[in-house]
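Residues: numbered from 1 along the sequence shown. Each ligand, and each atom within it, is numbered from 1 in the order the structure gives.
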Amino acid sequence: MKVLVTGAGGQVGLDLLRILQARGDEVHASDVTPPSREHDVPWHRLDVTSEPEVSALFAALRPELVFHLAAILSARGEADPMRTYAVNQGGTVNVLEAARQHGTRQVLFTSTIAAFGPPLPPLVPDDIALHPTTMYGVTKVAGELLGDYYFRRYGLDFRAVRFPGLLSAVLPGGGTSDYAPLMYYEALRVGHYEAFCRPDATIPLMYMPDGLRALVELSQAPRERLTRCVYNVAAFSPTAQQIADEVTRAVPGADISFNPDPARQAILDSWPRALDDSLARRDWGWRPEYDLPRMTADLLPKLRALLPRA
Ligand code: AKB
């Protein structure tokens with residue numbers, strides 16, 4: 001199958017390319033910047049905000065399946081809301097319209113816990129009023145609604161997951177959930193990390209292999225089993241202190257401290273503490289494999305291999 005990944009140079013894209021290649025797809029990567037890591041797939045320079053560029057690439061490739069990952073995350077998005085609007089919202093409508101015009105069968109979209117905002121119950125279901133507090137969240141809600149529109153209006157098979165904060169050996173760029181991966185990364189790299197959140201900050205988190213599996217499994221699910229286009233997916237919801245304890249247990253001598261940044265803490269406070277993913281479990285058999293200790297055991301050796309302690 002011919003697959004196009006937008007935003008392929010980001011935290012999710014680089015790992016997704018390998019999985020798609022391993023299953024034998026003809027994979028095409030695209031991003032506005034050149035790849036930061038070795039790869040052996042065709043790499044297309046693509047600015048998703050440019051409708052002519054997006055349309056030309058779709059016309060040339062005619063991808064059957066598209067993973068649309070290109071986006072600016074929450075913290076970086078607050079530094080430049082207009083650019084975030086252009087990339088996240090303009091980029092998504094350009095991709096959906098090009099998919100419709102050039103015969104793409106399915107578009108997978110990565111939404112987020114940032115789509116939600118207060119007031120929220122302790123366990124947040126799929127269907128609840130959406131009050132995002134960041135431009136990133138606003139544009140992800142719009143992306144969900146646009147995809148749903150293209151599905152109902154044109155029959156484009158649009159599917160999306162609402163991701164928790166993701167952790168992997170690839171560092172994220174510009175997210176508010178970054179305190180979690182940075183605890184591991186900096187503990188190994190320099191032996192200490194000052195987190196920009198409170199110790200009791202609690203949001204849903206997920207280890208990347210589960211996140212990638214969620215994308216691939218949702219893509220493969222028979223459409224007739226799906227009762228919606230957009231699904232919550234969840235794994236674990238530790239407090240920041242629990243992550244710090246886990247890191248200091250696994251990296252003896254590491255010092256994790258807290259110095260909350262009011263703006264980023266306010267974003268974290270506006271997000272769900274835990275997600276109800278029962279509809280994903282029921283409709284397409286979603287199950288996470290990693291909790292916090294299992295993730296730590298798998299992630300640390302991978303980070304150690306990349307990062308000899310300074
Ligand atoms: C962010 O922090 O902006 C992202 C997200 C939770 O979607 N990692």
Side-chain angles (χ1 to χ4, degrees), residues 6-7 9-16 67-81 83-85 87-89 91-92 108-118 120 124 126 130-144 160-185 193 195-198 201-212 214-215 230-240 243 260-275 277 288 290 295 299:
T6 73
Q11 189 197 12
V12 177
L14 288 169
D15 285 332
L16 182 63
F67 288 87
H68 176 43
L69 312 179
I72 295 176
L73 299 184
S74 57
R76 187 167 297 159
E78 290 312 285
D80 192 348
R83 172 93 190 126
T84 305
Y85 182 86
V87 171
N88 295 9
Q89 188 149 337
T92 298
L108 256 290
F109 177 66
T110 46
S111 190
T112 164
I113 51 171
F116 298 104
L120 291 170
V124 176
D126 295 82
L130 298 172
H131 299 293
T133 61
T134 59
M135 182 56 96
Y136 170 64
V138 168
T139 57
K140 287 294 183 176
V141 171
E144 293 182 3
V161 287
R162 288 195 185 123
F163 269 146
L166 292 168
L167 293 94
S168 72
V170 178
L171 266 195
T176 313
S177 62
D178 292 6
Y179 68 88
L182 284 171
M183 284 188 193
Y184 287 88
Y185 184 84
Y193 175 63
F196 54 76
C197 60
R198 289 190 315 263
T202 308
I203 59 165
L205 295 173
M206 182 178 281
Y207 189 36
M208 187 64 81
D210 273 340
L212 295 166
L215 275 179
V230 181
Y231 286 91
N232 287 355
V233 286
F236 48 93
S237 282
T239 64
I243 307 170
D261 167 59
R264 281 183 286 183
Q265 181 62 56
I267 294 175
L268 294 170
D269 286 338
S270 77
W271 288 352
R273 292 170 66 86
L275 282 186
D277 61 359
Y290 290 88
M295 177 188 73
L299 175 61

What part of [X] sits under 4.0 Å from ligand 1 if we count only heavy atoms: the side chain, the backbone, both or neither?
| X | value |
| --- | --- |
| Ala114 | neither |
| Trp271 | side chain |
| Ile203 | neither |

State plainly whether the residues [X] and [Y] are in salt-bridge range, i.e. N to O under 4.0 Å.
| X | Y | answer |
| --- | --- | --- |
| Arg198 | Asp269 | yes |
| Glu144 | Arg162 | yes |
| Asp80 | Arg83 | no |

Would a distance-only check, ignoring hydrogens and angles, find a side-chain to backbone donor-acceptor pair under 3.5 Å from [X] to [Y]?
| X | Y | result |
| --- | --- | --- |
| Asn88 | Ala71 | no |
| Ser177 | Gly165 | no |
| Ser74 | Thr176 | yes |

For [atom], what's the nearest protein heavy atom and its distance?
| atom | answer |
| --- | --- |
| atom 8 (N) of ligand 1 | Ser177 OG, 2.9 Å |
| atom 2 (O) of ligand 1 | Thr176 N, 2.7 Å |
| atom 1 (C) of ligand 1 | Ser74 OG, 3.3 Å |

* Structure fact -> A student checking ligand 1 against Thr112 at a 4.0 Å heavy-atom cut-off should list atoms 5 (C), 6 (C), 7 (O)

* Asked: Near Leu73, which atoms of ligand 1 are under 4.0 Å from a heavy atom of that residue?
  -> 3 (O)

* In terms of ring plane angle, is the pair Phe109 and His68 parallel, tilted or perpendicular, where the classes change at 30° and 60°? -> parallel

* To do: Would you check whether Tyr136 reaches within less than 4.0 Å of ligand 1, judged by its heavy atoms?
  => yes

